[in-house]
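Single-structure report; data block below.
These values consider heavy atoms only, across backbone and side chains, with no hydrogens, waters or symmetry-generated copies. Order of appearance sets the numbers: ligands from 1, and atoms from 1 within every ligand.
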Amino acid sequence: MDHSGVGDPEVNIESMRHPYKAPSEAFTEDQLVAREPIAQFRDWFDQASRTPGILEPNAMCLSTASADGAPSGRFVLLKGFGRDGFRFFTNYGSRKAADLDANPRAALTFYWEALNRSVRVEGAVRRLPADVSDAYFHSRPLASQIGAALFRQSATIADRGQLERREAELRQLHPEQGPPVPRPDWGGYIVEPRQVEFWQGQSTRIHDRIRFRRPVDGDDDDPRVRRGDDGWVLERLAP
Ligand SMILES: Cc1cc2nc3c(=O)[nH]c(=O)nc-3n(C[C@H](O)[C@H](O)[C@H](O)COP(=O)(O)O)c2cc1C
């Protein structure tokens with residue numbers, strides 16, 4: 001990698017630093033509510049949902065990589081989770097969908113600032129069955145259904161007017177109580193986690209990181225790796 005020719009930044013924010021008021025003492029393995037990541041995620045997600053100032057606890061950065069390995073990230077909304085994985089919905093013609101067609105693996109990153117917490121999920125991605133996508137699509141408000149049906153997401157368009165004309169057209173075809181908007185090339189994905197990391201920021205800056213992952217050869221002989229439930233192991237990572 002070439003490091004030459006990079007001097008001071010034009011805008012220097014090196015001293016911008018927020019002192020964490022840690023909500024807990026050190027986050028130790030004893031404070032886990034479960035020895036597997038889904039129930040642990042549920043506990044942290046419930047706390048984030050009840051925390052004033054966290055308006056969209058289900059907003060997460062979805063990272064994908066293209067066929068040639070170029071990464072990209074964007075926010076999407078988590079729409080359900082459980083032992084089978086973490087679900088979100090999007091347009092199947094979008095840039096992220098093209099990435100997932102070529103390379104069906106993804107990372108999800110949550111940041112709950114008011115709690116000084118982050119969760120990272122990594123795993124394989126599958127499309128949800130069409131009936132699941134149909135049911136969710138038609139449960140959304142009409143404006144969201146029309147928004148999803150305007151154009152293929154991530155397509156280049158001429159201007160905002162093009163969107164507004166198409167919206168007016170669809171509103172005429174599909175008034176409230178009128179014929180339903182057909183589901184466009186849009187639907188759900190599920191990320192089946194192989195790794196889930198829980199990060200708790202600490203005021204001391206000695207942050208806690210506990211990672212759940214699927215076992216590999218040698219784990220049984222490694223005293224740093226603890227056996228969890230449901231086929232998971234857990235370990236502490238350096239901050
Ligand atoms: C908080 C937030 C939530 C979002 N939720 C979704 C979502 O659930 N699904 C979606 O397709 N786009 C969502 N978006 C828009 C995406 O970030 C992105 O603009 C869009 O999906 C196109 O991404 P792509 O071109 O990389 O495919 C959201 C944006 C923000 C800021």
Would you name the heavy atoms of Ala143 and Arg171 that are closest together and state the gap between them? CB-NH2, 3.8 Å

Backbone, side chain, both or neither: what part of Lys79 comes under 4.0 angstrom of ligand 1, heavy atoms only? neither

For the 3.5 Å polar cut-off, considering only N or O atoms, please tell me whether Asn91 and ligand 1 meet it. no

Is any N or O atom of Ala97, backbone or side chain, closer than 3.5 Å to an N or O atom of ligand 1? no

Less than 4.0 Å between atom 27 (O) of ligand 1 and some protein heavy atom, yes or no? yes

For Trp232 and Gln195, the nearest pair of non-hydrogen atoms, with its separation, is CZ3-N, 4.2 Å

Report yes or no: do Leu234 and Leu237 belong to one cluster of Ile/Leu/Val/Met/Phe/Trp/Tyr joined by side chain heavy-atom distances under 4.5 Å? no

Does Leu77 reach ligand 1 with a nitrogen or oxygen that is under 3.5 Å from one of the ligand's nitrogen or oxygen atoms? yes

Report the part of Phe89 (side chain from C-beta onward, or backbone N, CA, C, O) that has a heavy atom under 4.0 Å from ligand 1; answer both or neither where that applies. backbone

Could you tell me whether Val76 and ligand 1 have an N or O pair separated by under 3.5 Å? no

Provide the closest heavy-atom pair for Phe198 versus Pro37 in the form atom of the first, atom of the second, distance. CZ-O, 3.5 Å

Report yes if Gln153 has an N/O atom closer than 3.5 Å to an N/O atom of ligand 1; otherwise report no. yes

